[in-house]
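Report on the structure given below.
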2 protein chains.
Amino acid sequence: MKLEVQIKMNETLYVRDPEQSELGKNIIKYSILLIQKKGFEVFTFKKLAEAIGTTEASIYRYFENKHKLLVYLISWYWGWLEFQIIYQTKNVQDSKAKLKQVITLLATTVQDDIMTSHVDESLLNQILISEGCKSYLTKHVQEDNKQEFFSPYKDLCKTVGEIILECNIQYKYPQSLASTIIEVAHLQNFFLHNLPALTDFDQTKKEDQIIEFLNNLVFSSINN
Amino acid sequence: MKLEVQIKMNETLYVRDPEQSELGKNIIKYSILLIQKKGFEVFTFKKLAEAIGTTEASIYRYFENKHKLLVYLISWYWGWLEFQIIYQTKNVQDSKAKLKQVITLLATTVQDDIMTSHVDESLLNQILISEGCKSYLTKHVQEDNKQEFFSPYKDLCKTVGEIILECNIQYKYPQSLASTIIEVAHLQNFFLHNLPALTDFDQTKKEDQIIEFLNNLVFSSINN
DNA sequence: TATAAATGATAGTAATACTATCATTTATTT
DNA sequence: AAATAAATGATAGTATTACTATCATTTATA
């Protein structure tokens with residue numbers, strides 16, 4: 001039996017649910033490939049249609065515009081990541097070990113998850129690093145927020161924030177620290193690979209150093 | 001006598017130096033106004049031309065495209081901010097007091113500096129918060145980096161990194177911590193105003209809480 | 001006053017971001 | 001198995017964006 005994990009998505013993000021058809025799944029699959037390869041600014045529905053072998057009009061039947069498609073992909077990733085975090089820390093009793101595990105999950109280059117055949121999580125992780133913040137850094141964040149576009153992100157931060165509080169119930173900034181860990185994990189990864197002068201890392205050991213840096217940052221401040 | 005501060009800019013960022021003419025200064029002034037008001041994605045050279053009362057073609061005589069104009073504005077701000085940091089901390093002897101002062105400068109909503117008549121630093125600061133990372137989150141970062149587009153940012157991080165090392169010469173991640181402070185100051189500010197669930201702050205006390213959060217984060221980790 | 005440099009006015013092109021229409025294929029219901 | 005509905009394909013069209021080019025006019029400098 002073939003198992004498939006499905007992430008429940010906000011219905012206002014799409015016109016037609018892409019999980020329910022072959023074309024829809026191809027839109028997800030090829031948009032991940034194209035956005036990762038060419039960057040979000042250069043990515044267009046026309047290029048996506050050509051890559052899939054369909055027409056622009058057909059893409060518009062699934063997504064209103066490329067921004068909503070980006071938000072969809074990113075939400076999907078946050079949903080998937082929260083599942084990973086809950087699943088991979090459920091037997092960890094020690095709160096600090098749990099938080100350490102979470103930091104590792106947030107900062108590690110992900111492997112493709114075979115449970116989700118049309119989504120390559122490793123590519124999606126790279127999209128998160130380079131394009132993630134573009135999903136909310138717009139003039140229409142607040143309307144998007146009202147439509148719950150960022151719930152998966154907020155839920156994830158809440159989960160991480162709760163684990164932080166488990167470590168130290170006195171800590172004053174669990175939400176800010178949670179969002180900081182997530183964003184800094186991505187930023188330092190981007191800097192490491194593209195603007196290394198902004199970091200203290202060398203290209204060889206890669207993510208391990210980011211994890212060390214984050215552990216140092218997080219555990220010194222919550223133990224303080 | 002009227003004093004004017006000039007920030008020396010990378011010449012590859014522009015076609016014609018905007019500081020050298022009235023039209024050029026208007027391009028800077030109105031692009032700051034428009035980008036802040038409408039957001040970078042919606043901003044176009046045509047709209048900018050209309051706002052100034054000139055033509056699209058004339059704008060292109062100063063900047064190749066809107067991305068380079070954005071990088072120009074952001075570089076200008078980093079240059080100006082580094083000047084502020086050096087100027088405002090030059091008499092501070094205690095390293096920790098100096099770093100605290102730097103964090104405050106990085107996280108505070110800036111006042112318009114009358115020394116630079118055509119640049120409203122307060123608006124530019126808001127552009128930095130919402131659009132800053134778009135200057136480097138592109139597929140062409142590395143070429144841009146080779147052309148020294150990000151030198152003012154790197155210089156600022158280096159300056160901040162050196163102050164961090166003054167506090168604790170043993171600290172392993174001065175550059176990463178410097179870039180983290182800068183980016184987190186902006187991110188938490190954006191979240192506070194747009195996605196408050198991602199922070200622990202209330203709208204009333206504003207920036208003070210971000211400064212407290214950053215101080216806690218930074219000083220616990222470098223004292224560790 | 002002559003000359004060069006900067007700007008304005010206008011036109012044009014290819015690409016982007018859509019919307020609309022109708023024919024055809026594929027799936028579902030009776 | 002036929003009838004009906006839903007999804008997709010093919011094609012066309014529009015407004016806007018992101019430019020480039022040309023030539024006339026204004027403004028600055030030699």
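Note on naming: letters A, B, ... go to the chains in the order of the sequence lines (proteins, then strands), and numbering restarts at 1 for each one.
- A donor-acceptor contact shorter than 3.5 Å links the side chain of D200(A) to the backbone of Q175(B).
- Side-chain atoms of R16(B) lie closest to dT7(C) of the nucleotides dT11(D), dT7(C), dG8(C).
- The nucleotide whose nearest atom lies closest to any side-chain atom of K66(B) is, among dT16(C), dC18(C), dA18(D), dA18(D).
- Distance CG (N65(B)) to C1' (dA15(C)): 15 Å, rounded to an integer number of Å.
- Going from atom CD1 of I59(A) over to atom C1' of dA7(D) covers 14 Å, rounded to whole Å.
- Applying the 4.0 Å criterion to OP1 and OP2 of dT7(C), one finds that T54(B) has every side-chain N and O outside that range.
- Atoms OH (Y60(A)) and C1' (dA7(D)) sit 19 Å apart, rounded to a whole Å.
- For S21(A), counting side-chain heavy atoms from C-beta on, the closest listed nucleotide (dG8(C), dT8(D), dA17(C)) is dT8(D).
- When the nearest nucleotides of DNA chain D are assigned to K47(B) and S58(A) by heavy-atom distance, the more 5′-ward of the two goes with S58(A).
- Under the side-chain contact (heavy atoms from CB on, under 4.5 Å) rule, L214(A) has a single partner from L106(A), T180(A), V184(A), which is V184(A).
- One can place CD of E22(B) at 16 Å from C1' of dA5(C), the figure rounded to the nearest angstrom.
- Nucleotide dA6(D) is matched to dT25(C) when pairs are restricted to Watson-Crick or G-U wobble geometry with both distances under 3.5 angstrom.
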- Take E41(B) and K134(B), measure what salt bridge (Lys or Arg N to Asp or Glu O under 4.0 Å) needs, and give me the verdict at the end. CA-CA 10 Å; E41(B) 281 74 36; K134(B) 294 174 192 168; 3.1 Å; yes
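- Put simply, CD1 on I27(B) is 12 Å from C1' on dA6(C), counting in whole angstrom units.
- Among the nucleotides dT10(C), dT19(C), dG9(D), the one closest to the side chain of R61(A) is dG9(D).
- When atom types are taken as modelled, the side chain of N189(B) and the backbone of I129(B) share no donor-acceptor pair closer than 3.5 angstrom.
- Atom-to-atom, CG of L48(A) to P of dA17(C) comes out at 12 Å; the value is rounded to the nearest Å.
- Of the residues listed (K206(A), E207(A), Q126(A)), the one engaging T109(A) in a side-chain hydrogen bond (donor to acceptor under 3.5 Å, both in side chains) is E207(A), and it is the only one.
- Nearest to the side chain of Y62(B), among dT19(C), dA6(C), dC19(D), sits dA6(C).
- Position along DNA chain C of the nearest nucleotide to V42(A) versus E56(B) favours E56(B) as the more 5'-ward residue.
- Nearest to the side-chain atoms of L23(B) among the listed nucleotides dG8(C), dA17(C), dA21(D) stands dG8(C).
- We find that CG of L69(B) is positioned 12 Å from P of dA18(D), with the value rounded to whole Å.
- Rounded to an integer number of Å, the gap from Q20(B) CD to dT29(D) C1' is 15 Å.
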